[in-house]
2 protein chains.
Amino acid sequence: MSTTRAPLGRPRLFDEEAVLERLTSLFWRQGYGATSMSDIVDASGVHKPSLYRTFGTKEQLFATVLRRYLAQRIAMFAALIAEAGPGTRGVHRFLRLFEADAVSAHGRDGCLLVMASNELRGRLPEYDFAADYREQMRGQIRVLVDRVPTGEEVDPALAAARTDLLTTYLLGLQVVMRSGAGVDEIHDRLQAMHVTVDSW
Amino acid sequence: MSTTRAPLGRPRLFDEEAVLERLTSLFWRQGYGATSMSDIVDASGVHKPSLYRTFGTKEQLFATVLRRYLAQRIAMFAALIAEAGPGTRGVHRFLRLFEADAVSAHGRDGCLLVMASNELRGRLPEYDFAADYREQMRGQIRVLVDRVPTGEEVDPALAAARTDLLTTYLLGLQVVMRSGAGVDEIHDRLQAMHVTVDSW
DNA sequence: CGCTTAAGATACCGTTCGGTACTGAAAGCA
DNA sequence: TGCTTTCAGTACCGAACGGTATCTTAAGCG
């Protein structure tokens, strides 16, 4: 029977979640290596010793940001896919939902994990963020693909191919987004996938 | 009439091209931010003042490495496409050639430019490496796609869609390669594109 | 040979980096 | 009211950073 007790000592003056949210944006803009602790202090409004006490070293802090980001991202994908519905119509809807999110101010940040796995390769060995993200993303897309043949038999190999195609394509699209492409180019590239889905 | 004259002063003891080649590999492994001048000195075997005299600042040196890399990469694409030949058979051949190169020791490095454009965003404004790379790559792929309909009429919109699909897909594949995927996963993902091309 | 030019090599510059003592301040508890 | 615990804030650490002044060495040219 442990009732929720107020923690001992002086209470924290900052909100951890809000700080992580700001730092996610910061790391996304600048990358890990180009972001100094001074930048982190300025962006968070929290003094350095408090950051170290709460989140550990800069690398551990970044790992926390990444884990949080990964979870949010996968959840977002799941929500889009759930909303999209079955059939090739569902895939089209999903692509449009994806585009709407990508074009939004909050979007266009798909490459944080890829960027991170490049920069931190081998330095955070206990958790391969990139592989985990790839696997989970493919799992989500597989759900979408498995709902394409409404009522018909499904060829497992074909479903796997479609899943890989769509997953890899969206990864490439995130690179395009990240590398400074405009809204129109993103729209055009998504159109290419719409055309392909029409032949499914 | 300027005959090639030996330059005045003490001749250079290192080969510029060889240095750039080594540094390309170094930057690819570590990224720009994570690579210090000490690393560059160690990898190149050239002392720091000589590097600065020859290539300028670290950023300018990196820009030189990137430009060289970009040119080589586009040339490689052109060679693969030229060798692939016409028709959907040509696309299949191109994908196999791409895979062979990607799996080789020399390959698996497709993301240097993407990585760079992330890290140096806004710092080298006179040359948008990423946009240039995207454009040139799409131009190359377009050549491949335009040779698909052997003797038939070609729908420009469809050709554009196929070009965008293939280009974006290959970009995504480079991300997958970069983020630590094995040879088998690359092969499987390429299989997805083979299946799609079969319906062209 | 001397003069000029440019490269090799050492040592060093000021700044910024990630990380941490240390001193006060604010909470719960007795 | 003290005691304990935890956080805020200032100041600081050694190390590494990107970049350079300076001296020595090696080439061409007369």
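The figures that follow rest on heavy atoms only: side chains count, while hydrogens, waters and symmetry mates do not. Each chain gets a letter, A, B and so on, in the order the sequences are listed, and its residues count up from 1.
Residue order along DNA chain C, read from the 5' end via each residue's closest nucleotide, puts A:Gly33 first among A:Gly33 and A:Arg10. When the nearest nucleotides of DNA chain C are assigned to A:Gly9 and A:Met37 by heavy-atom distance, the more 5′-ward of the two goes with A:Met37. Ranked by how close their nearest DNA chain D nucleotide is to the 5' end, B:Lys48 and A:Leu13 are led by A:Leu13.
When distances are taken from the side chain of A:Pro49 to each of D:dG9, D:dA8, C:dA7, the shortest belongs to D:dG9. Comparing atom distances between the A:Lys58 side chain and each of C:dA27, C:dG18, D:dA26 picks out C:dG18 as nearest. The side chain of A:Arg53 lies closest to D:dC7, out of D:dT20, D:dC7, C:dA26. Of the candidates D:dG9, D:dT20, D:dC17, D:dC17 carries the atom nearest the B:Ser36 side chain, counting heavy atoms from C-beta on. Nearest nucleotide to the side chain of B:Phe14, out of C:dG19, C:dG8, D:dG18: C:dG8. Taking only side-chain atoms of A:Ser50, from C-beta outward, the nucleotide of C:dG19, D:dG19, D:dA8 with the closest atom is D:dA8. Listed nucleotides: C:dA9, C:dG8, D:dA8. Nearest to the side chain of B:Arg12: C:dG8.
Atom-to-atom, OH of A:Tyr52 to P of D:dT10 comes out at 18 Å; the value is rounded to the nearest Å.
Within 4.0 Å of A:Thr54, counting heavy atoms only, lies no atom of the nucleic acid at all. Residue contacts for B:Ser38: at a heavy-atom cut-off of 4.0 Å it reaches the sugar-phosphate backbone alone, with no base atom in range.
Considering only residues two or more places apart in sequence or on other chains, A:His194 meets the ring-ring contact (aromatic ring centres under 6.0 Å, His included) condition with A:His92.
We find the CZ-OG1 distance between B:Phe14 and B:Thr54 to be 3.5 Å, quoted to the nearest 0.5 Å.
Counting only residues at least two apart or on different chains, the salt bridge (Lys or Arg N to Asp or Glu O under 4.0 Å) pairs with a member in residues 6-19 of chain A are A:Arg12-A:Glu16, A:Glu17-A:Arg68.
A side-chain donor-acceptor contact under 3.5 Å links B:Arg147 to the backbone of B:Ile81.
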